[in-house]
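One structure is given here, and the rest of the page talks about it.
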Amino acid sequence: MRITQGTFSYLPDFTDEEITAQIEYALSNEWPLSVEFTDDPHPRNTYWEMWGLPMFDLKDPAGVLLEVNACRTANPNSYIRLNAYDASLGRQTTALSFIVNRPMHEPGFRLDRVERANRQIGYTTHSYATERPVGSRYQQE
C-alpha cells in the first residue's frame, strides 16, 4: 500500500531532477528547506526525525539535494520528506512538503473499530510496520 502524504502524494515518485525543480521553486520564494525521516508514517505522526538543521541560509538547490541524498544513504529503508517553510505571514508555516524516499515494501494500515460507552463506535488506524521493532520495520523479508 502506497503512503499518500503531503504535496504530490498521488503522483509517481519524483526523479532527482524533479525534486531539484521543486527545491528551486521553494528557494525562489525564499522558503527555507529541511529534511526529515521516519519509519512510522502514521497520518497522525507529524513529528518525524529531523536530518540536520533547517537550511535557512542555503540558496543552492544542489546543496539541498546533497542533504536529501545523505539522508537517503543513511536511512535507505525509511520515509524521507522535504519541507519548505514560509514565514511571510509572521509565523513559520509549511508551504510545501513531499516524500522524496520510501521503502521498497510498504505494508500499509488497517482500520480498527472500537466500541465505546453509550453505543458509540470509534475508528483508529494501525500501521502494520509498527508490529516490527524500530530500525527493522521495512527490511526485505
Between Thr38 and Glu49, does the side chain to side chain contact (heavy atoms under 4.5 Å, CB included) criterion hold? Intermediate values first, please. CA-CA 6 Å; Thr38 190; Glu49 298 291 326; 5.9 Å; no
Indicate the atoms forming the closest heavy-atom contact of Ala26 with Leu33, along with that distance. CB-CD2, 4.0 Å
Glu30, CD atom: more than 12 neighbouring heavy atoms under 6.0 Å: no
Does anything in residues 9-37 pair up under ring pair (Phe, Tyr, Trp, His ring centres under 6.0 Å), and if so which pairs, sequence neighbours excluded? Phe8-Phe14, Phe14-Phe98, Tyr25-Trp31
Hphob cluster co-occupancy, Leu96 + Ile23, side-chain heavy atoms under 4.5 angstrom: yes
Pairwise distance CZ(Arg81) to OG(Ser34) - rounded to 0.5 angstrom: 8.0 Å
The reported gap from CG in Asn77 to CG in Asp39 (rounded to nearest 0.5 angstrom) is 9.5 Å
Step by step, work out the side chain to side chain contact (heavy atoms under 4.5 Å, CB included) result for Leu82 and Val64. CA-CA 9 Å; Leu82 188 61; Val64 177; 4.0 Å; yes
Restricting to non-hydrogen atoms, name the atom on Ala95 and the atom on Asp86 that form the minimum distance, rounded to 0.1 Å. CB-CB, 3.8 Å
Please say yes or no: joined through hydrophobic side-chain contacts below 4.5 Å, possibly via intermediate residues, are Trp48 and Ile80 part of one cluster? no
Are the side chains of Thr94 and Tyr85 in contact, using a 4.5 Å heavy-atom criterion? yes
Closest non-hydrogen contact found for Thr15 with Glu18 is N-OE1, 2.9 Å
Joint cluster assignment, Ile19 & Leu11, ILVMFWY side-chain distance < 4.5 Å: yes
In residues 54-62, what donor-acceptor pairs under 3.5 Å come from side-chain atoms, sequence neighbours left out?
residue : atom : partner : partner atom : Å
Asp60   : OD1  : Ala62   : N            : 3.3

Determine, step by step, whether Trp51 and Glu36 satisfy the side-chain hydrogen bond (donor to acceptor under 3.5 Å, both in side chains) criterion, reporting the C-alpha distance in whole Å, the side-chain angles of both residues, the deciding distance to 0.1 Å, and the verdict. CA-CA 5 Å; Trp51 178 261; Glu36 296 177 337; over 6 Å; no
Pick out which of Val68, Leu65, Asp16 makes a side-chain contact (heavy atoms from CB on, under 4.5 Å) with Val100. Val68
Can you confirm whether Glu115 sits close enough to Ile121 that some side-chain heavy atom of one is under 4.5 Å from a side-chain heavy atom of the other? yes
